[in-house]
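Values below: all heavy atoms of this structure, side chains included; hydrogens, waters and symmetry mates excluded.
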Amino acid sequence: MRAIVISAQGGPEVLEYVQRPDPVPGEGEVVVDVAASGVNFIDVYHRSGAYQLPLPSLIGSEGAGVVSAVGEGVSDVAVGDTVAWANVLGSYAEKAVIPAERAAPVPDGVTAELAAATMLQGMTAHYLTRSTHEVKPGDNVLVHAGAGGMGQLLIQLAKLRGATVHTTVSSEEKAKIAREAGADEVLSYEDFAGKLRHRIDVVYDGVGAATFDGSLEALRPRGLMALYGAASGPVPPVDPQRLNKGGSLFLTRPTLLHYIADRDELLWRASDLFGWIASGDLKINISRRYPLAEAGRAQEDLAARRTTGKLLLIP
């Protein structure tokens, strides 16, 4: 099979397109013929060294495809099933080995490409709006980077719960995309804090350093900030006294792994998402598709924010 491997961490040039032996499933594992792999910021962090990996390493954390082999002890996934996954390394490949317990069944009516585009960001948006802070009708929600793949999902899931959604974007073109996703108010990064000061129940911030202070300012007393990413760079250490002065604020740094820790929770989140896609309540915007060999270009486009919506690699 062909796959993307890194032998060192650094820029896009460390992504190697290589031939490797076809994988064989171990106990509790399945092999999937990959139809599409999602491109995510965590992949950039793995490549760059922001998150350490044992080297050499396969890369890519999300995908979907058809099961071609199953290992011993696997009972609820069969050859021929279409499945999707997230948070499993090795998705930038023609074949991937997945723990069977991490494989979510993809129902009829949802394509493998849509499933691959949904798992990591979709389940992140699900846990943020259903578990980290359970959005309620009438909540004022702030979503940063509303035109990105993650932002569009958060806007839609918050609107499904009856919230009023405010969002930030960097251009009029992106403002149009955020409004089409359902945002009630679209603001610039320069003035969102002043306009929303002390009005917001929950902030979903994947931008990080550039928006952190303004996000805290926007929160109402006892509001919650969910800092789920750091696209603009990591947030410096924070004095907890700032939360007191801001009005007994809550700050959390969640990650998907802890919200899909057991299979029942994984299947609940995936089932909700695929059901909303099938019913038309959730729109997945696949922005661009790249050949697997062009993984470096896809990551560069993602990191430079040249795209809106989801990026996929097609083996």
Side-chain angles (χ1 to χ4, degrees), residues 1-26 29-65 68-69 83-99 102-103 112-113 115-121 123-124 148-150 206 208-209 228-234 255-257 260 286-307 310-315:
M1 71 168 188
R2 290 284 185 174
I4 301 294
V5 175
I6 59 170
S7 299
Q9 291 177 299
E13 69 279 358
V14 305
L15 297 169
E16 305 172 51
Y17 184 56
V18 301
Q19 187 84 36
R20 290 174 61 94
D22 286 352
V24 176
E29 295 179 335
V30 301
V31 172
V32 181
D33 292 340
V34 179
S37 304
V39 180
N40 298 286
F41 273 102
I42 192 170
D43 307 335
V44 177
Y45 302 154
H46 284 151
R47 185 211 74 215
S48 68
Y51 293 175
Q52 293 299 310
L53 290 177
L55 300 174
S57 178
L58 293 163
I59 196 168
S61 302
E62 171 188 48
S68 58
V83 298
W85 63 91
N87 276 16
V88 180
L89 271 179
S91 301
Y92 286 15
E94 293 176 335
K95 295 177 179 288
V97 178
I98 308 298
R102 311 310 298 167
E113 283 196 3
T118 300
M119 288 297 286
L120 196 150
Q121 291 182 330
M123 289 199 297
T124 298
M150 189 68 213
Y228 68 88
S232 68
T255 192
L256 175 60
L257 182 63
I260 52 171
I286 299 175
S287 176
R288 294 186 190 175
R289 297 167 177 84
Y290 304 77
L292 179 61
E294 296 182 13
R297 183 164 69 91
Q299 288 195 0
E300 285 185 307
D301 288 347
L302 178 70
R305 299 190 176 278
R306 299 188 189 109
T307 62
K310 186 70 179 185
L311 308 185
L312 294 179
L313 296 178
I314 309 299

The criterion is side-chain contact (heavy atoms from CB on, under 4.5 Å); which residues satisfy it with A96, sequence neighbours excluded? V34, W85, I98

E62 and V39 have their tightest heavy-atom pair at OE1-N, 4.4 Å

Side-chain contact test, heavy atoms from C-beta onward, threshold under 4.5 Å: evaluate it for L55 versus S7 and give yes or no. no

Under the rule for side-chain hydrogen bond (donor to acceptor under 3.5 Å, both in side chains), what residues qualify as partners of Q299, not counting sequence neighbours? R47, Y92

Any side-chain heavy atom of I59 within less than 4.5 Å of one from V5? no

For L256 and M123, which heavy atoms make the closest approach, and how far apart are they? CD1-CB, 3.8 Å

Does the side chain of Y228 reach to within under 4.5 Å of the side chain of M150, using non-hydrogen atoms? yes

Rounding to 0.5 Å, atoms CD1 (I4) and CD (E94) come to a distance of 10.0 Å

When rounded to the nearest 0.5 angstrom, what distance separates CG in L302 from NZ in K310? 8.0 Å

Closest non-hydrogen contact found for P99 with V88 is CD-CG1, 4.0 Å

Which atom pair, heavy atoms only, marks the closest approach of L313 to A298? CD2-CB, 3.9 Å

Listed partners of Q52 passing side-chain hydrogen bond (donor to acceptor under 3.5 Å, both in side chains), at least two apart: none

To the nearest 0.5 Å, what is the distance between CD (Q19) and CD (E16)? 14.0 Å

For S61, the side-chain contact (heavy atoms from CB on, under 4.5 Å) test, sequence neighbours excluded, returns I42, D43, H46, L89, L120

Would you please test E300 and V44 for side-chain contact (heavy atoms from CB on, under 4.5 Å) and show each step? CA-CA 9 Å; E300 285 185 307; V44 177; over 6 Å; no

Nearest heavy atoms of V83 and A103, plus distance in Å: CB-CB, 4.0 Å

Report the distance from atom CG of N87 to atom OG1 of T124, rounding to the nearest 0.5 Å. 7.5 Å

In terms of heavy-atom contacts, E113 and I286 come closest through O-CD1, 4.1 Å

Quick one: side-chain contact (heavy atoms from CB on, under 4.5 Å) partners of E294, sequence neighbours excluded? Y290, P291, R297

Qualifying residues under side-chain contact (heavy atoms from CB on, under 4.5 Å), relative to P23, sequence neighbours excluded: M1, V31, K95, V97

So, taking the atom named CG in L15 and the one named CD1 in I6, what distance separates them when rounded to the nearest 0.5 Å? 7.0 Å

Verify, without hydrogens or angle tests, whether S91 (side chain) and S37 (backbone) share a donor-acceptor contact under 3.5 angstrom. no

